[in-house]
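See below for the structure under consideration.
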2 protein chains.
Amino acid sequence: MTRILIVDDDEPLLRALRVNLTARGYQVDTAGTAKAGLVAAGHHPPDLAIVDLGLPDLDGIRVVEGLRGWSRAPIVVLSARHSEPVKVAALDAGADDYVTKPFGMDELLARIRAALRRGTPAVPDAPVIRAGEVTVDLAMKRATGPDGEIRLTPTEWHLLEVLARNPGRLVEHRQLLREVWGPQYETETNYLRVHFANLRRKLERDPARPRHLITQPGIGYRLEL
Amino acid sequence: MTRILIVDDDEPLLRALRVNLTARGYQVDTAGTAKAGLVAAGHHPPDLAIVDLGLPDLDGIRVVEGLRGWSRAPIVVLSARHSEPVKVAALDAGADDYVTKPFGMDELLARIRAALRRGTPAVPDAPVIRAGEVTVDLAMKRATGPDGEIRLTPTEWHLLEVLARNPGRLVEHRQLLREVWGPQYETETNYLRVHFANLRRKLERDPARPRHLITQPGIGYRLEL
DNA sequence: TGAGGGCGTTAAGAACGCATCAAGATCCGT
DNA sequence: ACGGATCTTGATGCGTTCTTAACGCCCTCA
């Protein structure tokens with residue numbers, strides 16, 4: 001689910017945004033001050049941030065800068081001021097859009113859609129992932145191991161697919177379970193152990209000492225390239 | 001050189017834009033009608049397009065759609081109309097930004113910079129925090145110390161992650177404990193001491209004299225960049 | 001100078017996570 | 001309905017990680 005963080009101290013607006021965004025399927029976090037916003041972002045990294053420039057404690061531009069220090073999520077700035085230097089400063093600090101109050105909800109939603117649309121690179125990645133002697137062809141739904149093409153069961157393929165879509169990246173237990181089995185199975189880490197054992201037997205040269213299907217104990221698994 | 005295509009029939013504005021943009025090192029193409037704009041774009045694919053909605057022959061949204069059919073270059077829409085449905089339509093058609101006339105040249109230039117910045121995948125995706133010989137890759141969930149990649153336990157990674165999301169900033173004991181262990185552990189500063197000792201052993205060259213995992217006595221810890 | 005608090009370090013047992021195996025249960029095409 | 005493949009579930013052994021407690025150090029303050 002797409003996670004949106006709103007940093008604003010305007011209570012009525014906050015409520016309106018929350019209602020509209022949650023109704024459209026976004027998960028919404030809110031913060032009333034700049035500091036609380038940065039803490040919240042650290043706590044739950046957002047996929048998009050909406051930042052009001054007029055905050056009680058710090059200038060909203062500080063929030064933009066703080067987020068840009070580690071996150072590339074799009075940032076939409078809200079402000080009651082038309083002042084051009086302020087707009088320029090906010091955009092150059094790393095904001096992606098600047099909306100002047102008052103604005104219509106539909107416009108803001110459209111701008112959020114536009115920002116998220118270009119945020120996700122639409123999976124332009126190569127359809128075939130190579131990891132040493134292991135290859136995964138996402139388009140063809142085929143995989144090869146050290147001894148050529150491999151026959152995978154549906155669950156095994158699904159698992160491998162999720163890993164291949166995040167090449168080299170660590171994928172947490174929860175994400176794997178949610179994507180393959182569904183949200184209600186998020187605790188069944190046993191499934192992962194069993195099926196990863198089978199996967200390793202099929203496409204690792206030495207299943208006991210895996211080189212590509214790596215376990216990160218307590219966190220998740222990763223397809224090492 | 002960055003190539004910008006302007007599709008607008010407002011002659012004075014066109015001249016002003018051309019002067020300002022060329023002065024800043026952009027290569028500028030112009031077209032006075034929608035059809036001419038699409039032809040010009042096909043001739044010299046732009047890195048960014050500025051499209052006025054009020055064109056003599058076709059609605060500017062047609063230009064946006066036409067460009068989006070084959071190009072992913074950012075598109076900034078200009079319009080004299082504040083009408084919200086029009087804004088929504090333009091953004092959903094694939095525009096990246098919407099600027100209402102009259103606007104200041106500095107603002108438009110800032111919005112162009114912002115659009116180009118995210119348009120170029122200059123950094124594909126690297127929320128990587130560098131702190132000297134220590135690096136933390138939040139997306140990959142990987143960390144490296146002076147001797148290359150490091151294996152971290154779940155708790156150690158969680159701690160390091162919180163610090164990395166607040167680069168250079170001081171993070172209080174309470175926040176760390178709440179984030180990693182939960183609100184009811186806010187007083188267990190012992191946990192912090194033990195796990196920070198382990199972290200330092202793994203990624204400080206001289207664990208006894210830490211250079212990056214800094215203690216702020218009585219307050220918290222900080223990831224020194 | 002002595003007491004106290006915060007910090008770093010260490011060590012040991014408890015708790016947890018992982019790999020593996022094997023036995024049902026379930027799903028599928030024939 | 002049958003047989004094979006696949007998935008679920010439980011149990012075991014092993015290694016790792018977390019918790020907890022104890023000790024010594026340094027700094028501050030009385």
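Chain letters run A, B, ... following the sequence lines, proteins first, then strands; residues in each count from 1.
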From the list B:K141, B:K202, B:R201, salt bridge (Lys or Arg N to Asp or Glu O under 4.0 Å) with B:E156 holds only for B:K202

Whole-Å gap separating P (C:dT20) and CZ (A:R209): 11 Å

Specify the closest pair of heavy atoms between A:V64 and A:A95, including all atoms of both residues, with the distance to one decimal. CG1-N, 3.7 Å

A:L192 CG - C:dT20 C1' separation (whole Å): 15 Å

Within the 6.0 Å centroid threshold, strictly below: B:W157 and B:H195: no

A:R111: which residues meet the side-chain hydrogen bond (donor to acceptor under 3.5 Å, both in side chains) condition with it, sequence neighbours left out? A:D97, A:E107, B:D97

A:D9 side chain to A:G32 main-chain N or O, any donor-acceptor pair under 3.5 Å? no

Using the C1' atoms of the five pairs at each end, what is the angle between the end axes of the helix from C:dT1-D:dA30 to C:dT30-D:dA1, to 10°? 40°

Exceeds 12 heavy-atom contacts within 6.0 angstrom, atom CZ of A:R130: no

Using a strict heavy-atom distance below 4.0 Å, which residues from residues 160-173 of chain B are in contact with DNA chain C? B:H173

Salt-bridge present (B:R62, B:D59; N to O < 4.0 Å): no

Flag yes if more than 12 heavy atoms outside B:R174 fall under 6.0 Å of its CZ atom; otherwise flag no. no

Please state how far atom CG in B:D206 lies from atom C1' in C:dG8, giving the value in whole angstrom units. 13 Å

Strictly below 4.0 Å, N to O, side chains only: are A:E133 and A:R205 in salt-bridge contact? yes

Nearest whole angstrom, please: distance from the C1' of C:dG6 to the CG of B:L177. 14 Å

Rounded to whole Å, how long is the line connecting atom CZ of A:R193 with atom C1' of C:dT20? 11 Å

Whole-Å gap separating P (C:dC18) and CZ (A:R200): 10 Å

Could you state the CD1-P distance from B:I214 to C:dG8, rounded to the nearest angstrom? 10 Å

To the side chain of B:T215, which of C:dG8, C:dA19, C:dC21 is closest? C:dG8

List the atom pairs, donor and acceptor, that lie under 3.5 Å between side-chain atoms in residues 12-21 of chain A and the rest of the protein, sequence neighbours left out.
{"from": "A:R18", "atom 1": "NH2", "to": "A:T30", "atom 2": "OG1", "distance (Å)": "3.2"}
{"from": "A:N20", "atom 1": "OD1", "to": "A:R24", "atom 2": "NH1", "distance (Å)": "3.4"}
{"from": "A:N20", "atom 1": "ND2", "to": "A:A16", "atom 2": "O", "distance (Å)": "3.0"}

Taking CZ from A:F196 and P from D:dT8, how many angstroms apart are they, rounded to a whole number? 14 Å

With sequence neighbours excluded, what pairs up with A:E224 under the side-chain hydrogen bond (donor to acceptor under 3.5 Å, both in side chains) test? A:R222, B:R142

Taking only the side-chain nitrogens and oxygens of B:Y221, find out if one of them lies under 4.0 Å from OP1 or OP2 of C:dG6. no

What does nucleotides 9-30 of chain D look like as a protein-contact string, B for base, S for sugar-phosphate only, - for none, at under 4.0 angstrom between heavy atoms? B-------SSBB----------

